[in-house]
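Take a look at the structure below.
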Protein chains: 2
Amino acid sequence: MARNVEFDEALAIQKAMEVFWKKGYNATSLRDLTDAMQINSSSLYNTIGDKQELFVRCVQHYTNIRKKDWDLRLASERSPLAVLTDYIHEAVNIIINGEDSCMAVKSAFEVATNDERVKQILAADDQRSNRFLYDLIQKAMDKGEIKNDEDPALLADYFNSTWTGWYESYILHKDPVKIKRMAAYFIKQLTK
Amino acid sequence: MARNVEFDEALAIQKAMEVFWKKGYNATSLRDLTDAMQINSSSLYNTIGDKQELFVRCVQHYTNIRKKDWDLRLASERSPLAVLTDYIHEAVNIIINGEDSCMAVKSAFEVATNDERVKQILAADDQRSNRFLYDLIQKAMDKGEIKNDEDPALLADYFNSTWTGWYESYILHKDPVKIKRMAAYFIKQLTK
DNA sequence: CTCATTCTGAAACATTTGTTTCAGAATTAA
DNA sequence: TTAATTCTGAAACAAATGTTTCAGAATGAG
């Protein structure tokens with residue numbers, strides 16, 4: 001037959017994702033992308049497609065990574081509450097030390113309103129995040145690690161939406177203490 | 001001397017703000033703006049300045065409106081808790097019925113990371129929002145309307161960052177019940 | 001090796017972008 | 001009215017945008 005694709009598509013998607021993550025969809029040009037991916041635009045259009053398609057693939061990639069992380073944590077042998085508090089502390093560290101906000105959050109506000117496919121991917125991702133919290137809360141309640149006088153689904157919903165505001169706060173104020181105090185209050189609410 | 005500016009600048013800013021609000025900064029073109037403002041680009045550049053400057057003015061305008069609303073509510077004769085719960089219910093209605101998410105939130109994620117002036121304006125706005133909540137919580141505690149076993153500043157921080165996630169949730173799931181249930185839990189936490 | 005097929009690189013594409021130019025219309029103070 | 005000044009409209013600007021084209025290099029099957 002004929003020759004195969006020369007570049008590593010997975011790596012190229014990873015590189016493109018990093019650019020989209022940092023600059024956002026609309027502020028990223030095709031040149032920015034092909035520079036980072038180290039491929040020619042003709043190769044891009046031959047294999048992946050146009051800018052929108054590439055973005056969809058990048059968001060997919062981003063949410064896949066998150067999914068793997070949640071699955072790994074859920075499979076842990078440790079106590080549900082410990083897994084949950086660890087997760088929260090690591091989330092705080094990512095907010096405080098990360099170079100950019102969560103790509104899912106940024107994309108929800110910039111792109112999801114106009115692109116149905118992106119919205120679907122992010123909605124599914126949010127649902128998994130929700131489910132992750134729900135499972136941990138439920139298990140922690142069963143084990144008596146936290147009080148069970150509240151609907152775990154409601155708590156999962158509520159806590160799941162809480163992170164987003166922490167990102168915004170850190171963008172505006174760059175105050176690590178603020179985030180840490182909110183996280184501490186968050187955990188205290190669960191356990192007390 | 002010479003002739004005066006023909007167009008109503010305040011109205012033009014309002015119109016520009018609506019476009020930026022809906023489409024975001026980067027997805028809005030100068031043509032989009034001049035069409036909505038009904039002025040020629042030469043007039044725009046002569047009076048207000050370039051696209052960035054116009055955006056700054058629009059964000060300013062947006063946050064000014066919010067400030068007025070908070071001041072009005074704080075001046076109310078009603079009980080602090082009633083003012084607070086009313087505010088929350090109205091916020092929920094805006095999320096559920098509004099055509100777009102909060103412009104301050106959208107701009108924080110899309111622009112504030114790259115534009116120092118926008119960041120400053122939004123940080124100041126966030127501080128006022130915080131202060132608004134703090135004052136109400138403090139007053140409600142003094143009046144014994146809510147329990148006072150928690151630092152009001154922490155509560156204000158925490159609650160202030162909570163809204164943002166509700167917007168994201170509504171973009172992704174368009175589920176009014178979800179938002180209402182979170183708001184109810186929110187109020188319950190305060191009062192119980 | 002041959003040859004059909006597929007990929008790549010560089011250039012070109014038409015649009016759209018944000019911004020500027022400038023002649024002429026409009027205005028105001030004298 | 002005059003004259004100095006400032007605004008407006010239409011057109012033009014270079015640069016950047018997303019996308020396509022195509023000749024030739026690379027590849028794998030026979």
Side-chain angles (χ1 to χ4, degrees), chain A residues 1-60 107 110-118, chain B residues 1-60 107 110-118:
Chain A
M1 283 295 196
R3 73 195 275 204
N4 294 325
V5 179
E6 208 172 66
F7 69 96
D8 181 346
E9 193 168 309
L11 185 67
I13 294 283
Q14 169 73 28
K15 290 292 178 191
M17 184 196 76
E18 288 167 13
V19 181
F20 274 136
W21 188 351
K22 179 175 186 154
K23 311 187 78 168
Y25 178 79
N26 287 293
T28 301
S29 75
L30 249 291
R31 265 75 172 178
D32 292 335
L33 293 165
T34 50
D35 283 357
M37 298 167 85
Q38 302 221 63
I39 61 170
N40 192 276
S41 58
S42 74
S43 297
L44 173 60
Y45 277 82
N46 270 340
T47 53
I48 295 166
D50 63 10
K51 192 187 173 188
Q52 282 206 62
E53 185 67 41
L54 175 59
F55 187 73
V56 167
R57 297 279 291 276
C58 288
V59 175
Q60 270 287 14
S107 303
E110 196 199 344
V111 188
T113 25
N114 303 314
D115 187 317
E116 187 62 29
R117 292 165 71 201
V118 170
Chain B
M1 284 293 198
R3 74 196 273 205
N4 295 325
V5 179
E6 208 171 66
F7 68 96
D8 181 345
E9 193 168 310
L11 185 67
I13 294 283
Q14 168 74 28
K15 289 290 178 193
M17 184 196 75
E18 288 167 13
V19 181
F20 275 135
W21 188 352
K22 179 174 185 157
K23 310 188 80 169
Y25 178 79
N26 287 293
T28 301
S29 75
L30 249 291
R31 265 75 172 177
D32 291 335
L33 293 165
T34 50
D35 284 356
M37 299 165 85
Q38 304 221 62
I39 61 170
N40 192 275
S41 57
S42 73
S43 298
L44 173 60
Y45 278 81
N46 270 340
T47 51
I48 295 167
D50 63 10
K51 191 187 173 188
Q52 282 206 60
E53 184 67 39
L54 176 59
F55 187 73
V56 167
R57 298 279 290 275
C58 289
V59 175
Q60 269 289 13
S107 304
E110 196 199 345
V111 187
T113 24
N114 303 314
D115 188 317
E116 187 61 30
R117 293 164 70 199
V118 171

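Model, not experiment: these values are computed from the prediction. The sequence lines fix the lettering, A, B, ..., with proteins before strands; numbering per chain opens at 1.
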Once you round it to whole Å, what is the distance between [atom2] of [N] and [atom1] of [X]?
{"X": "B:Asp50", "N": "C:dT17", "atom1": "CG", "atom2": "P", "answer": "16 Å"}
{"X": "A:Asp35", "N": "D:dG18", "atom1": "CG", "atom2": "P", "answer": "12 Å"}
{"X": "A:Asn46", "N": "C:dT5", "atom1": "CG", "atom2": "P", "answer": "16 Å"}
{"X": "A:Leu30", "N": "C:dT15", "atom1": "CG", "atom2": "C1'", "answer": "14 Å"}
{"X": "A:Met37", "N": "D:dG18", "atom1": "CE", "atom2": "P", "answer": "13 Å"}
{"X": "B:Arg31", "N": "C:dT15", "atom1": "CZ", "atom2": "P", "answer": "14 Å"}
{"X": "A:Phe7", "N": "C:dG9", "atom1": "CZ", "atom2": "P", "answer": "10 Å"}
{"X": "B:Leu54", "N": "C:dG18", "atom1": "CG", "atom2": "P", "answer": "11 Å"}

With respect to the side chain of B:Ser42, which nucleotide from C:dT21, C:dG18, C:dT8 is positioned closest?
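Closest nucleotide to the B:Ser42 side chain: C:dT21.
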Students often get this wrong, so: under 4.0 angstrom with heavy atoms, is A:Ser29 touching a base, only sugar-phosphate, or nothing?
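Sugar-phosphate contact only.
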Classify the nucleic acid contact of B:Thr28 as base, sugar-phosphate or nothing, counting any heavy atom under 4.0 Å across all strands shown.
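It contacts sugar-phosphate atoms only.
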Under-4.0 Å salt bridge between B:Glu18 and B:Lys23
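The answer is no: the pair does not qualify as a salt bridge.
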For A:Glu53, look at atom CD and say whether over 12 heavy atoms of other residues, nucleotides or ligands are found less than 6.0 Å away.
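Buried by this count: over 12 neighbours within 6.0 Å.
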Under 6.0 Å from the ring centre and within 45 degrees of the ring axis: does the NZ or CZ of B:Lys51 meet both conditions for the six-membered ring of B:Phe20?
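No, cation not above the ring by the 6.0 Å, 45° rule.
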For C:dT19, does either OP1 or OP2 sit under 4.0 Å from a side-chain N or O belonging to B:Tyr45?
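Checking B:Tyr45 against C:dT19: at least one side-chain N or O falls below 4.0 Å of OP1 or OP2.
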Could you measure the distance from the CD1 atom of B:Ile39 to the CG atom of B:Asn46? Nearest 0.5 Å is fine.
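Result: 10.0 Å between the selected atoms.
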Report the residue (B:Ser43 or A:Ala27) whose heavy-atom-nearest nucleotide on DNA chain D is the more 5′ of the two.
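Its nucleotide being nearer the 5' end, the pick is B:Ser43.
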Taking N and O atoms by type only, does the side chain of B:Ser41 place a donor or acceptor under 3.5 Å from a partner on the base of C:dT20?
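Answer is yes: a donor-acceptor pair is held.
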Is there a donor in the side chain of A:Asn40 and an acceptor in the side chain of A:Ser43, or the other way round, less than 3.5 Å apart?
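No, no side-chain donor-acceptor contact under 3.5 Å.
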